[in-house]
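Reading through the structure tokens given below for one structure.
The chains referred to below are lettered A, B, ... by the order of the sequence lines, with proteins before strands, and numbering in each begins at 1. Every heavy atom of this structure was used, including side-chain atoms; hydrogens, water molecules and symmetry mates were not. From a predicted model like this one, the values you see are computed outputs, not experimental measurements.
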There are 2 protein chains.
Amino acid sequence: MDLRRLRYFVAVAEARSVGKAAERLRMAQPPLSVQIRKLEAEVGAPLFRRGTRGMDLTDAGQALLARAGEALALAADGIEAARAVAAGSRGRLSVGYMFVLANAMLPRLIPELRRSIPGVDLDFAELSASTREARLLDRSVTVALCMPAIHHPEIQVAGIGAQPFMLAMPNRSPLARLSAVPMIRLQGRPLIALPPPERDPSSSAVAALLRRHQIVMPIASRVETVHSAMSLVLAGEGLAILPACAQLGAPRGVVFRPLRDATDSIDIAVCWRRDSQSPLIRTFLKCAEKAVARL
Amino acid sequence: MDLRRLRYFVAVAEARSVGKAAERLRMAQPPLSVQIRKLEAEVGAPLFRRGTRGMDLTDAGQALLARAGEALALAADGIEAARAVAAGSRGRLSVGYMFVLANAMLPRLIPELRRSIPGVDLDFAELSASTREARLLDRSVTVALCMPAIHHPEIQVAGIGAQPFMLAMPNRSPLARLSAVPMIRLQGRPLIALPPPERDPSSSAVAALLRRHQIVMPIASRVETVHSAMSLVLAGEGLAILPACAQLGAPRGVVFRPLRDATDSIDIAVCWRRDSQSPLIRTFLKCAEKAVARL
DNA sequence: CCAACCCATACGTTTTCGGTATGCCAATGG
DNA sequence: CCATTGGCATACCGAAAACGTATGGGTTGG
């Protein structure tokens with residue numbers, strides 16, 4: 001069946017007259033009459049009683065009218081919804097974020113997003129360094145807050161800031177009395193490391209930093225997450241070299257100190273699939289920049 | 001927008017490929033391709049991502065798909081419902097009945113109807129002698145159980161039985177000791193009458209009965225309903241001449257006795273609008289005949 | 001580098017739709 | 001009683017839309 005027929009049917013039912021309905025539909029009366037009869041032929045039963053003063057729904061017609069109105073509304077709503085999603089005023093945005101950034105950015109980012117795109121459902125997923133690429137590529141997240149940025153031909157990157165590396169240590173460590181720790185003081189101390197560079201690019205930045213200053217730190221443990229790293233630091237297993245923003249999620253008893261003479265930093269980036277046409281990405285980028293500016 | 005486009009869209013979305021969908025729709029691939037593009041033009045945004053291995057919904061496409069599926073289902077259900085109503089397997093049947101018949105017929109009729117037309121919603125309305133015609137003519141009831149039948153050019157009648165008149169009296173009345181009351185014994189006794197013939201045709205049958213036997217009964221009261229008549233009989237206000245079936249609704253203390261020598265009866269009929277095309281009427285008639293047969 | 005696959009475009013044919021003219025029927029009014 | 005009016009149905013024609021066939025262009029895989 002054709003939606004046009006249903007629209008005509010509803011118009012005639014409401015106007016209780018072919019002529020009046022034709023006028024409202026801005027068409028001539030005869031073709032409308034024909035369409036109504038075709039619909040009746042399709043149903044196999046009369047939908048109207050033809051009286052001398054217009055048309056009147058039969059029981060079958062009333063049954064159809066109830067559904068036809070809803071079907072028309074749903075179809076119209078469907079294309080309207082599609083337009084709204086395409087325009088970015090409705091829809092869903094899946095945001096991935098790496099754990100280190102959560103405490104620093106989400107409290108500023110989420111309210112900003114809700115204000116900018118109130119009609120959009122947001123959902124958030126924590127990403128690990130090893131799965132973030134896959135999650136973007138299979139579209140299970142639309143956009144990702146990464147540190148550092150992803151490098152991949154299919155993935156577009158926009159840098160929105162950077163974080164200096166800092167040293168995380170237990171507050172009873174003698175180094176904690178310094179306001180900034182010289183690199184040389186790290187020599188020989190045990191390091192709590194994140195996964196190796198092939199699984200976590202931030203490791204290579206740390207490695208490069210140490211190499212440049214000719215510091216050797218034996219690796220006491222390798223852990224998967226920044227969270228675990230800080231736990232081991234608290235436990236006295238060793239020191240960790242982490243982005244500054246990680247200290248917002250640090251447990252009591254773990255303190256962060258700048259590294260004197262080390263200006264190395266790790267970049268914060270928004271990443272998304274190059275072929276993603278979602279208009280929400282631009283808005284997200286704006287919001288993320290705002291959130292990072294107030295860091 | 002056109003429902004065909006939506007159907008095509010859903011097919012392509014499900015098949016994730018224009019070619020596969022075209023095959024399932026038994027049409028060639030190119031016209032399907034152009035229909036999809038026309039739909040996209042109408043929405044104003046791409047609904048699919050074209051990959052090298054088929055098509056994949058965009059977010060906008062997913063938003064549309066959710067509604068389009070429902071809209072298609074509703075439209076299909078609508079014409080299906082109209083067919084079912086026309087065939088009598090679904091719908092609504094408004095049954096009017098006159099109060100005298102309620103106790104005698106409804107307990108048998110309603111189960112019979114529910115068994116015969118399980119998909120049909122029934123509703124029941126009590127009719128008075130004065131409004132029953134109007135209720136049929138304005139279609140607020142589809143079919144009416146009447147006693148006696150309605151005579152009107154627009155209304156079709158099917159007799160399904162008859163009820164003899166009986167005399168209703170208080171059980172302490174001396175007449176109650178007779179197994180049948182001779183007409184002559186009614187002479188001069190007060191009568192509880194129903195509304196005059198122009199408002200209640202059963203009155204004229206009673207009047208004819210009395211006239212034929214040359215009995216005069218002064219009218220003690222006129223009441224609107226059989227129910228009221230029996231209440232006044234119980235109160236000792238007078239006697240009433242009522243159809244036999246009324247005794248099923250008689251209060252304790254009111255007894256019915258046959259009238260000896262009077263074979264007069266009043267007919268029970270099913271009535272409906274001549275132009276009503278509801279297939280349920282035939283079924284209703286069958287059920288009513290069954291119910292009356294077991295009276 | 002060629003073959004296979006899949007979608008897009010072009011063009012001619014067919015179906016369907018809408019407009020105009022007109023017929024039919026019932027109700028209304030002089 | 002006939003004429004007029006109001007409303008839907010039918011007939012026919014021109015226009016628009018859809019379908020099918022043929023073909024192009026891109027990417028993947030051997």
Can you tell which of [options] lies closest to the side chain of [X]?
| X | options | result |
| --- | --- | --- |
| Pro30(A) | dC5(C), dA8(C), dT20(C) | dT20(C) |
| Lys20(B) | dC19(D), dT28(C), dC6(C) | dC6(C) |
| Arg37(A) | dG18(C), dT10(D), dT9(C) | dT10(D) |
| Pro31(A) | dT20(C), dA18(D), dG20(D) | dT20(C) |
| Gln35(B) | dA18(D), dA26(C), dG18(C) | dA18(D) |
| Met27(A) | dT10(D), dC7(C), dG19(C) | dG19(C) |
| Lys38(B) | dG18(C), dA18(D), dG20(D) | dA18(D) |

- Can you tell me if Ser130(B) and Arg199(B) form a side-chain donor-acceptor pair at under 3.5 Å?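 Not at all, the side chains of Ser130(B) and Arg199(B) share no donor-acceptor pair under 3.5 Å.
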Looking for any heavy atom pair under 4.0 Å, which part of the strands does [X] touch: base, sugar-phosphate only, or nothing?
| X | value |
| --- | --- |
| Phe48(A) | nothing |
| Arg5(A) | sugar-phosphate |
| Gly51(B) | nothing |

Whether [Y] and [X] form a salt bridge (side-chain N of Lys/Arg under 4.0 Å from carboxylate O of Asp/Glu) is what I want to check.
| X | Y | value |
| --- | --- | --- |
| Asp275(A) | Arg139(A) | yes |
| Glu70(A) | Arg67(A) | no |
| Arg83(B) | Glu80(B) | yes |

- Task: For Ser33(A) and for Arg53(A), find the nucleotide of DNA chain D with the closest heavy atom, then tell me which residue's nucleotide is more 5'.
- Result: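 Closest to the 5' end, via its nearest nucleotide, is Arg53(A).
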